[in-house]
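Worksheet for the structure shown next.
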Amino acid sequence: MLVTLDAPYVDTSAADLSLALDDVERPALHVLDLDLPDGVRLRLRLLGASHQVVLHAPGATLTETVACLPGRPPELPGAVRDEASGYHFTATVLRPTGAGLSEQVAALRADLVDDPYALVGVFPGDADAVTALAVRPDPPAGTLAWRTWHAYPQTNELVLTETVVALR
């Protein structure tokens, strides 16, 4: 699902992001609720400063927030692995050259526009100012996985995250 967000684009960068787990639900610009097999509910939430995913499943409840969070130092880890909870997170920051960011964002929008398990938010003022979330269609057995993309055209950055959560 592709949506144009009704919010001013705020200049930020990958260096401003942080990860919070089990955060409160933040005000969202757009929400996509998904009912998945086996009683799993997933809420994909576009925030003014990035994303939030809320998972409710038998034996697992999780809120993942990647955003510019007031009162929290900006620090987006490259990886978080919590074997006890089955939560695995990775983040990568790309800095494409030339028209690379625009090309990657255009391809992302084309790939996800008709995906019923994806939410792509475009901020007004720049077609490359995008935040996207998508449930991975082929996660390892017994898991749920999602990916996110955060494009910052003013700094020529694309932040990619991937999360895998074990369902017990």
Side-chain angles (χ1 to χ4, degrees), residues 1-21 23 26-32 34 42-54 63-82 87-140 143-165:
M1 172 188 304
L2 179 68
V3 296
T4 299
L5 301 171
D6 185 21
Y9 181 63
V10 177
D11 286 343
T12 190
S13 70
D16 296 327
L17 297 175
S18 58
L19 169 68
L21 299 175
D23 193 20
R26 305 264 175 183
L29 301 174
H30 200 86
V31 176
L32 176 62
L34 299 170
L42 198 64
R43 175 173 274 187
L44 306 179
R45 308 179 81 243
L46 293 171
L47 308 180
S50 287
H51 87 263
Q52 191 169 56
V53 176
V54 180
T63 301
E64 172 190 273
T65 308
V66 173
C68 306
L69 297 170
R72 185 184 274 300
E75 182 182 337
L76 185 64
V80 174
R81 295 185 68 85
D82 182 357
Y87 177 81
H88 299 160
F89 170 89
T90 59
T92 305
V93 180
L94 303 177
R95 292 175 182 84
T97 58
L101 181 67
S102 291
E103 291 166 358
Q104 288 184 10
V105 169
L108 175 68
R109 288 170 62 151
D111 286 347
L112 298 180
V113 68
D114 293 323
D115 185 336
Y117 299 100
L119 179 59
V120 181
V122 181
F123 289 87
D126 193 326
D128 292 337
V130 167
T131 298
L133 303 92
V135 177
R136 226 176 86 188
D138 59 347
T143 67
L144 179 64
W146 58 86
R147 295 173 291 184
T148 73
W149 299 261
H150 308 269
Y152 300 108
Q154 74 282 0
T155 58
N156 198 49
E157 295 174 311
L158 182 61
V159 179
L160 312 172
T161 75
E162 184 163 7
T163 301
V164 177
V165 178

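Just the heavy atoms: all of them, side chains too, but no hydrogens, waters or symmetry mates, feed the values below. Quick note: residue numbers are just sequence positions, from 1.
- The line from CD of Glu64 to CG of Leu19 is 6.0 Å long, rounded to the nearest 0.5 Å.
- Rounded to the nearest 0.5 Å, atoms CG (Leu21) and OH (Tyr87) are 4.5 Å apart.
- The two atoms that bring Pro70 and Arg26 nearest to each other are CD-NH1, 4.2 Å, heavy atoms only.
- Looking at every heavy atom in both residues, Leu112 comes nearest to Ala134 through CD2-CB, 4.0 Å.
- Side-chain contact between Leu34 and Leu32: present, with at least one pair of heavy atoms (C-beta onward) separated by less than 4.5 Å.
- Of all the heavy atoms in Pro27 and Leu47, the pair that sits closest is O-CD2, 3.4 Å.
- Residues Leu44 and His51 fail the side-chain proximity criterion, which asks for heavy atoms closer than 4.5 Å.
- For the 3.5 Å distance criterion, the side chains of Glu75 and Ser18 fail to qualify, holding no donor opposite an acceptor.
- One finds the CG atom of Leu94 at 12.0 Å from the CH2 atom of Trp149 (value rounded to the nearest 0.5 Å).
- Val3 has its side chain out of reach of Val120: every pair of non-hydrogen atoms, C-beta onward, lies at least 4.5 Å apart.
- Considering every non-hydrogen atom in both Ala151 and Pro153, the closest pair reads O-CD, 3.4 Å.
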Discussion item. Please determine whether side chain to side chain contact (heavy atoms under 4.5 Å, CB included) holds for the pair Leu5 and Leu46, giving the CA-CA distance in whole Å, both sets of side-chain angles, and the decisive distance to 0.1 Å.
Written reply: CA-CA 9 Å; Leu5 301 171; Leu46 293 171; 3.9 Å; yes
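- Separating the CD atom in Glu162 from the CZ atom in Arg147 is a distance of 6.5 Å, to the nearest 0.5 Å.
- Side-chain contact check for His88 versus Thr143: every heavy-atom pair is 4.5 Å or farther apart.
- The two residues Asp23 and Thr63 make their nearest non-hydrogen contact at O-CG2, 3.4 Å.
- In this structure, Leu2 and Val122 approach most closely via the heavy-atom pair CD1-CG2, 3.6 Å.
- A heavy-atom distance below 4.5 Å is found between the side chains of Pro96 and Leu101.
- Side chain of Arg45 to main chain of Val54: no donor-acceptor pair is present (N/O by atom type, distance under 3.5 Å, no hydrogens or angles).
- A 4.5 Å side-chain heavy-atom check between Leu17 and Cys68 finds at least one atom pair inside the cut-off.
- Considering only heavy atoms from C-beta on, Val164 comes within 4.5 Å of Arg136 through its side chain.
- Under the side chain to side chain donor-acceptor pair (under 3.5 Å) criterion, the residue pairs touching residues 96-120 are Ser102-Asp128, with sequence neighbours excluded.
- In this structure, a donor-acceptor pair under 3.5 Å is absent between the side chains of Glu157 and His150.
- Atom CG in Leu133 sits 12.0 Å away from atom CE in Met1 (nearest 0.5 Å).
- Going from atom CG of Leu76 over to atom CZ of Phe89 covers 5.0 Å, rounded to the nearest 0.5 Å.
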Fill in: Trace of the side chain to side chain donor-acceptor pair (under 3.5 Å) decision for Thr131 with Ser50
CA-CA 6 Å; Thr131 298; Ser50 287; 4.9 Å; no
